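Step one of this worksheet: look at the structure below.
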2 protein chains.
Amino acid sequence: MKNPIGALNKIFDSRIRLGVMSILIVNDSISFNELKQMLELTDGNLASHLNTLEQAEYLKVQKSFIGKKTNTTYILTDLGRQAFKTHLDALEKMIKSL
Amino acid sequence: MKNPIGALNKIFDSRIRLGVMSILIVNDSISFNELKQMLELTDGNLASHLNTLEQAEYLKVQKSFIGKKTNTTYILTDLGRQAFKTHLDALEKMIKSL
DNA sequence: TCATTTAACTTTGAAAAACAAAGTACTTTT
DNA sequence: AAAAGTACTTTGTTTTTCAAAGTTAAATGA
């Protein structure tokens, strides 16, 4: 029998990164502040998890202005979308198919 | 909007403990060595994760003999089964219902 | 019977990850 | 001019993870 946890993506072990991904999968783009409020995190904590996801190229940052106020939003990359889907499939398989 | 990760169980953030639970949910009882092989872990690592689950009263240890050889098996408690189910529900909700 | 092996741990220590808090740079609002 | 907001980075502590080695007890092999 194959190791059932081997197919899980280490990046998504973190509940916070899981949360970010699951929000981004249904919201085309979302701002730093919205994420911060939704996940109830400090700036630093959120920023570092976003950075991990960005390093993995699972999401991209978009800097824009709303009026004259800076606004940073995040969107998934195709790679991110695919990695997340693969992870969820692995999870489901692990739980159902033993 | 409610924090979507708040309902996740911290104990199941660990892929290893997740793996143990998902094995135990479909196998009434399973031995230390079977778990070790299935999850490809060192003794110490597995023992400590099992200990975490036992502390949480999510599983129980059963010591018995096979012939004259000691055999340690693990089974879920009702609490464990329920906690796992709740966690999976929360996961599903998080992913689907945003 | 002495040595080795296996099972199931515990202990130790190191590395990695998570996190809060404070600091920063820039802008906007008051 | 002062205060507040955005989106960070840096620092340092705490927590978690894990491998490796040591432990105990029993079983098996020579």
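Basis for what follows: all heavy atoms, side chains included, without hydrogens, waters or symmetry-related copies. By convention in this document, chain letters (A, B, ...) are assigned in the order of the sequence lines, proteins followed by strands, and residues within each chain are numbered from 1. Everything numeric here is computed off the predicted structure, so don't read it as measured data.
For C:dA17, neither phosphate oxygen OP1 nor OP2 lies less than 4.0 angstrom from any side-chain nitrogen or oxygen of A:H49. A sub-4.0 Å separation between OP1 or OP2 of C:dT6 and a side-chain N or O of B:N33 is absent. Phosphate proximity of C:dC9 to B:T72: present, with a side-chain N or O under 4.0 Å from OP1 or OP2. Phosphate proximity of C:dC9 to B:Y74: present, with a side-chain N or O under 4.0 Å from OP1 or OP2. The phosphate of D:dC8 has OP1 or OP2 within less than 4.0 Å of a side-chain N or O from A:K63. Taking only side-chain nitrogens and oxygens, A:R15 never comes nearer than 4.0 Å to OP1 or OP2 of C:dA18. Contact between the side-chain N/O atoms of B:R17 and the OP1/OP2 oxygens of D:dT17 is found at a separation under 4.0 Å.
For the residue pair A:L24 and A:Y74, the shortest heavy atom distance occurs at CD2-O, 3.2 Å. Here the closest heavy-atom approach between residue B:S22 and residue A:M94 is recorded as OG-CG, 3.5 Å. Considering all non-hydrogen atoms of both residues, B:E54 and B:L59 come closest at CG-O, 3.7 Å. For A:L8 against A:A90, the heavy-atom pair with the smallest separation is CD2-CB, 4.0 Å.
Taking atom CD of residue A:Q37 and atom P of nucleotide D:dA7, one finds them 10 Å apart after rounding to whole Å. One interatomic measurement links the two molecules: NZ of B:K36 to C1' of D:dA19, which rounds to 13 Å at whole-angstrom precision. Computed from coordinates, the B:N51 CG to C:dT12 P distance equals 15 Å when rounded to whole Å. Spacing between atom CG of B:L46 and atom C1' of D:dT17 amounts to 14 Å, rounded to whole angstrom units. With rounding to whole Å, B:L50 atom CG is found 11 Å from C:dA8 atom P. When rounded to the nearest whole Å, the span between CG of B:L18 and C1' of D:dT17 equals 15 Å. At whole-Å resolution of the value, CG in A:L39 and P in C:dA18 are 14 Å apart. In this entry the distance linking CZ of A:F32 with P of D:dC8 reads 6 Å, nearest Å.
With values rounded to the nearest 0.5 angstrom, B:L39 atom CG is found 7.0 Å from B:L46 atom CG. Taking CG of A:N27 as the start and OG1 of A:T73 as the end, the distance is 11.5 Å to the nearest 0.5 Å. Expressed to the nearest 0.5 Å, how far OG of A:S31 lies from CD of A:Q37 amounts to 7.5 Å.
Residue contacts shown for B:I16 are limited to sugar-phosphate atoms, with no base heavy atom under 4.0 Å away.
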Please write out each protein N/O paired with an N/O of nucleotides 12-15 of chain D under 3.5 Å, distance rounded to 0.1 Å.
none

Where do N or O atoms of nucleotides 20-23 of chain C meet protein N or O atoms at under 3.5 Å, pair by pair?
| from | atom 1 | to | atom 2 | distance (Å) |
| --- | --- | --- | --- | --- |
| C:dA20 | OP2 | A:T42 | OG1 | 3.1 |

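Applying the salt bridge (Lys or Arg N to Asp or Glu O under 4.0 Å) rule to pairs touching residues 22-32 of chain A yields nothing, sequence neighbours excluded. Sorted by first then second residue, the side-chain hydrogen bond (donor to acceptor under 3.5 Å, both in side chains) pairs that include residues 7-17 of chain B, not counting sequence neighbours, are A:D13-B:R15, A:R15-B:D13, B:N9-B:Y58, B:R17-B:H49.
Ionic pairing of B:D89 and B:K85 is present here: one or more N-O contacts between side-chain nitrogen and carboxylate oxygen are shorter than 4.0 angstrom.
Considering only heavy atoms from C-beta on, A:M38 comes within 4.5 Å of A:I30 through its side chain. At a threshold of 4.5 Å between non-hydrogen side-chain atoms, the residues B:M21 and B:L76 count as touching. Put simply, the side chain of A:L18 does not reach to within 4.5 Å of the side chain of B:I5, judged on heavy atoms.
Between its two ends, the helix from C:dT1-D:dA30 to C:dT30-D:dA1 turns its axis by 0°, counting five pairs per end and rounding to 10 degrees.
Using cut-offs of 30° and 60° for the angle between ring planes, the B:H87 and B:F12 rings count as perpendicular.
Of all the residues in residues 52-62 of chain B, not one reaches under 4.0 Å from DNA chain D with any non-hydrogen atom.
Across C:dA18, C:dA7, C:dT10, the shortest atom-to-atom separation from the side chain of A:S14 is found for C:dA18.
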**Message:** The test is side-chain contact (heavy atoms from CB on, under 4.5 Å); show your working for B:I25 and A:I95 and say whether it passes.
**Reply:** CA-CA 8 Å; B:I25 213 109; A:I95 290 151; 5.5 Å; no
